[in-house]
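Quick caveat, the model's predicted, so the values are computed rather than measured.
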Amino acid sequence: MSKARKTDPQSPALHAADSHDLIRVHGARENNLKDVSIEIPKRRLTVFTGVSGSGKSSLVFDTIAAESQRLINETYSSFVQGFMPTLARPEVDVLDGLTTVITVDQQRMGADPRSTVGTATDANAMLRILFSRLGKPHIGPPSAYSFNTASVRASGGITVERGAAKTKTVKATFNRTGGMCTRCEGRGKVSDIDLTQLYDDSKSLSEGAFTIPGWKSDSQWTVQLYAQSGFVDPDKPIRRFTKKEMQAFLYGEPVKIKVNGINLTYEGLIPKIQKSFLSKDKEAMQPHIRAFVERAVAFTVCPECDGTRLSEGARSSKIKRLSIADACAMEIRDLAEWVRGLKEASVAPLLEALQRTLDSFVEIGLGYLSLDRPAGTLSGGEAQRVKMIRHLGSSLTDVTYVFDEPTIGLHPHDIQRMNDLLLRLRDKGNTVLVVEHKPEAIAIADRVVDLGPGAGSAGGTVCFEGSLDDLRASDTVTGRHLDDRAALKESTRTSTGALKIRGATANNLEDVDVDIPLGMLVVVTGVAGSGKSSLVHGSIPAGEDVVSIDQTPIRGSRRSNPATYTGLLEPIRKAFAKVNGVKPALFSANSEGACPTCNGAGVIYTDLAMMAGVATPCEDCEGKRFQAEVLEYRLGGRDISEVLAMSVAEAEKFFGDGEARTPAAHKVLERLADVGLGYLTLGQPLTTLSGGERQRLKLATHMGEKGGIYVLDEPTTGLHLADVEQLLGLLDRLVDSGKSVIVVEHHQAVMAHADWIIDLGPGAGHDGGRIVFEGTPADLVADGSTLTGEHLAAYVGS
């Protein structure tokens with residue numbers, strides 16, 4: 001037999017190098033993983049399933065991907081490592097057979113106003129080179145077409161050394177041609193400050209003319225600075241200021257003056273407001289300050305560049321009657337056709353590369369975007385697919401691609417296209433690991449790994465490994481719910497009114513008129529890019545009683561947790577303080593009760609310079625974050641650190657009755673459990689939450705508000721099939737309590753459960769932006785003329 005193997009070319013002896021065909025994980029304990037051991041086949045597509053919080057991301061991202069990245073970083077010199085982020089080794093005994101990991105997650109792209117779809121990929125750079133070669137008139141190098149590069153001119157004397165001791169000063173000039181619009185500095189928008197929101201011009205400064213938050217008191221230093229500056233008359237109404245006084249008051253240059261014997265810097269009101277308010281992150285401001293900024297500042301399209309961000313010179317240079325601004329404003333699928341029509345041998349390789357990049361956008365379902373679209377406006381799903389583009393044409397093989405719910409934001413019509421892309425990556429010889437919940441995406445897996453059985457401390461184990469058919473036959477939560485189908489409602493609610501939208505033209509909307517019924521569960525559907533978000537988030541009239549809840553990151557440090565974010569910690573602290581007769585501040589890890597050694601962080605962060613930093617539990621408080629004397633105080637037999645270590649479900653029972661009964665805390669915990677976050681611990685850092693968990697945490701927080709209209713953006717993101725039913729129950733309770741709920745959603749179970757559906761389309765980009773259907777889900781299925789109707793009919797009929 002061995003002889004036959006050696007002579008038979010069809011069955012060669014296995015080479016030693018071919019034996020490494022598994023990624024072996026042994027003893028993984030990251031986050032809630034319970035000593036997980038598993039073998040994952042290479043060059044196959046493996047899908048990881050399980051309820052939210054079961055440990056999927058902990059295994060795939062925090063263990064496998066994190067260790068691969070750490071090992072790659074260690075191959076660089078110590079000098080280079082000093083400039084790289086430091087990564088700690090995951091909690092795992094053995095990781096064997098790892099390959100280079102490329103992570104394609106759903107983190108939104110940076111919201112920097114200068115970042116666009118074009119700059120975030122290579123497309124914009126290639127276009128700039130193309131116009132610098134072929135543009136007529138020729139205006140300069142590629143930088144002349146960049147809105148992030150300003151034109152610079154300089155001249156002066158420079159010293160030139162010649163020979164042993166000869167020096168000579170020569171005159172030199174320097175020019176750099178940039179494409180930045182000088183008015184808006186490449187942002188495309190200019191800020192216009194509404195002066196009526198800053199002061200009451202019928203009053204004088206001494207009468208309290210300022211209406212800026214914190215500036216109303218006459219004794220306030222800033223007010224005194226203007227009143228005693230000597231540039232204006234503090235007893236004269238502002239409307240009677242002379243032209244010279246108004247110029248000094250609004251736009252005065254910084255100058256040192258004395259106020260009550262103290263040296264201070266005076267500057268005009270406009271630059272003062274820009275530095276005090278506009279240079280800060282609006283989301284991090286206190287609510288009343290944020291409200292003031294939204295009232296006082298209006299961002300309008302730059303009148304000089306018409307929002308293109310580019311200088312007049314950059315806009316004047318054209319190829320076939322098209323400027324680079326025109327090219328970037330086109331939908332990418334149209335731009336791809338335009339580039340295909342360019343025939344110029346001198347730039348043939350460049351045209352070929354640009355064509356390939358633009359075609360990748362179309363292939364991945366993002367042909368409706370334009371290159372000038374701000375990167376911060378992309379949804380999580382769109383951002384993930386933009387990141388995929390650079391990998392589609394990559395020559396790399398035998399790498400591991402890790403995806404975090406790649407079907408997020410995709411209409412059922414688009415999921416098959418995403419599946420094809422994942423299979424293409426696999427078929428090139430790569431290992432593809434996908435964290436996913438949707439049955440259509442799980443169906444293409446070569447192998448399924450199901451984690452659970454529950455969430456949080458009830459999860460962290462591998463419940464199933466095998467094929468899709470075996471999963472369907474298994475008794476796991478995922479197996480039981482894999483073929484769940486929500487039925488169409490037999491009867492729908494009756495509208496109590498309507499939210500009228502008239503002449504909506506945001507983005508690709510084509511003068512849309514629609515009445516969104518109130519007092520019902522309304523689902524807005526349509527393919528990706530059809531205009532759903534533009535309609536719901538960009539067109540609802542201002543002043544309506546609307547609470548909008550999306551998946552943007554929650555701002556906060558590693559000290560922030562669900563207890564602090566929801567306000568839950570306040571009644572808990574007060575309950576501890578009342579029972580023990582001490583101050584509430586003692587029960588805050590960010591205040592008086594904090595452990596002095598770790599300052600309430602619970603861990604000591606040690607920076608090892610060139611080596612990876614290490615986070616070790618604080619030896620004094622043992623990671624509990626509080627001083628020892630604070631932990632002596634108890635409520636219901638538990639100290640404050642034990643309470644913060646509880647899950648939401650456990651804490652709900654704890655604060656519901658008995659000695660620890662605290663109605664205010666119990667009410668918040670009920671809302672957290674209602675949105676499916678019963679597995680989260682109260683003290684879990686917010687930085688560890690997924691996009692779906694962040695949205696549900698926001699929803700739980702806003703459920704206590706008085707808003708009558710709730711707008712949700714794909715609330716099923718990150719939800720297991722078994723959790724969708726609980727979400728539908730929550731949405732029903734919200735509507736039954738008198739709220740109106742508007743949901744932007746692709747999940748067929750939510751569509752089937754709706755009272756009313758508004759379907760946009762028929763396509764994406766300029767092929768969308770119109771209402772193609774309004775009515776009940778049953779009517780949509782019966783109509784069957786839209787893509788959504790076809791897929792919903794197949795869903796409820798299967």
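Checked by atom type, the side-chain pair D759/T525 shows a donor-acceptor distance below 3.5 Å. Between the side chains of D450 and T49, at least one donor N or O lies within less than 3.5 Å of an accepting N or O. Donor-acceptor pairing under 3.5 Å is lacking for the side chains of D398 and N430. With no hydrogens or angles considered, a side-chain donor-acceptor pair links E436 and T407 at under 3.5 Å. Under 3.5 Å, the side chains of S143 and T149 contain no donor-acceptor pair of N or O atoms. Checking D372 against S370 by side-chain atom types alone, a donor-acceptor pair falls below 3.5 Å.
Between F131 and Y145, the ring planes lie tilted relative to each other; the angle falls in the 30° to 60° range. Ring geometry for Y401 against F403 counts as parallel: the plane angle stays under 30°, on a 0 to 90° scale with 60° as the upper cut.
Interatomic distance, CD1 of I757 versus OG1 of T786, reported as 8.5 Å (0.5 Å rounding). We find the CD-OG1 distance between E30 and T63 to be 5.0 Å, quoted to the nearest 0.5 Å. Going from atom CG of L433 over to atom CG of L45 covers 8.5 Å, rounded to the nearest 0.5 Å. Remark: L686 CG to Q684 CD distance equals 8.5 Å, nearest 0.5 Å. Taking CG of L369 as the start and CG of L378 as the end, the distance is 6.0 Å to the nearest 0.5 Å. Separation of atoms CD (E363) and CG (L421) is listed at 5.5 Å; rounding is to 0.5 Å.
A donor-acceptor distance shorter than 3.5 angstrom exists from the side chain of D326 to the backbone of S323, with no hydrogens or angles considered. Under the 3.5 Å distance criterion, the side-chain polar atoms of S68 are left unmatched by any main-chain donor or acceptor of A65. Although no hydrogens or angles enter the test, the distance criterion places a donor-acceptor pair under 3.5 Å between the side chain of E331 and the main chain of H766. Between the side chain of K387 and the backbone N or O of T103, no donor-acceptor pair lies under 3.5 Å. In this structure, the side chain of Q726 does not engage the main chain of V675 through any donor-acceptor pair within 3.5 Å. In this structure, the side chain of K438 does not engage the main chain of H747 through any donor-acceptor pair within 3.5 Å. With hydrogens and angles disregarded, a donor-acceptor distance shorter than 3.5 Å links the side chain of T116 to the backbone of L371. The backbone N or O of R43 lies less than 3.5 Å from a partner atom in the side chain of T431, making a donor-acceptor pair. The closest donor-acceptor contact from the side chain of S146 to the backbone of P142 lies at 3.5 Å or more, if one exists at all.
Listed by chain and number, the residues in a side-chain contact (heavy atoms from CB on, under 4.5 Å) with T308 are C305, L310, R315, A325 (sequence neighbours excluded).
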Determine, stepwise, if the pair V523 / V744 fulfils side-chain contact (heavy atoms from CB on, under 4.5 Å).
CA-CA 6 Å; V523 174; V744 176; over 6 Å; no
Output, in order, the C-alpha distance, side-chain angles, deciding distance and verdict of side-chain contact (heavy atoms from CB on, under 4.5 Å) for M418 and M388.
CA-CA 10 Å; M418 174 58 73; M388 277 186 74; 3.9 Å; yes
Criterion side-chain contact (heavy atoms from CB on, under 4.5 Å) on V117 and F361, from CA distance to verdict:
CA-CA 11 Å; V117 170; F361 273 100; 3.7 Å; yes
Audit row: L721, H437, side-chain contact (heavy atoms from CB on, under 4.5 Å) steps and yes/no:
CA-CA 7 Å; L721 298 163; H437 291 293; 5.6 Å; no
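At a threshold of 4.5 Å between non-hydrogen side-chain atoms, the residues V347 and I129 do not count as touching. Side-chain contact between N73 and Q69 is present, with at least one heavy-atom pair separated by less than 4.5 Å. At least one side-chain heavy atom of V434 sits less than 4.5 Å from a side-chain heavy atom of V432. Using a 4.5 Å heavy-atom threshold, the side chains of Q416 and D420 count as touching. Contact annotation: the side chain of I758 never approaches that of F773 to less than 4.5 Å [non-hydrogen atoms, C-beta and beyond]. For the pair F61/V435, a side-chain contact is recorded, criterion being any heavy-atom separation below 4.5 Å from C-beta on. Side-chain contact between V743 and V524 is absent, with no heavy atoms from C-beta onward closer than 4.5 Å. Looking only at side-chain heavy atoms (C-beta outward), I742 and I516 come within less than 4.5 Å of each other.
D446 pairs with exactly one of K42, R426, R44 by the salt bridge (charged side-chain N to carboxylate O under 4.0 Å, His left out) rule, that one being R426.
Electrostatic pairing of D483 and R472 counts as a salt bridge here, judged by a charged N lying under 4.0 Å from a carboxylate O. Ion pairing between R340 and D359 holds under the 4.0 Å rule for side-chain N and carboxylate O. Taking a cutoff of 4.0 Å between a charged side-chain nitrogen and a carboxylate oxygen, D767 and R333 qualify as a salt bridge.
Heavy atoms from other residues, nucleotides or ligands lying under 6.0 Å from CD of E440 number more than 12. Counted within 6.0 Å of CZ on R770, heavy atoms from surrounding residues, nucleotides or ligands total more than 12; the atom is thus considered enclosed. Summarising the local packing, CG of D122 is surrounded by 12 or fewer heavy atoms from other residues, nucleotides or ligands at distances under 6.0 Å. The number of heavy atoms from other shown groups lying within 6.0 Å of NZ (K189) does not exceed 12.
Nearest heavy atom pair, residue P777 against residue A752, reads CG-O, 4.0 Å. Across every non-hydrogen atom of E405 and T717, the tightest pair is OE1-C, 4.3 Å. Among all heavy-atom pairs drawn from G529 and N508, the shortest one is O-ND2, 3.2 Å. Here the shortest heavy-atom pairing between K320 and W338 reads CB-NE1, 4.2 Å. Here the shortest heavy-atom pairing between P41 and R447 reads CD-CD, 3.4 Å. Closest approach of T119 to R114, counting heavy atoms only: OG1-O, 3.9 Å.
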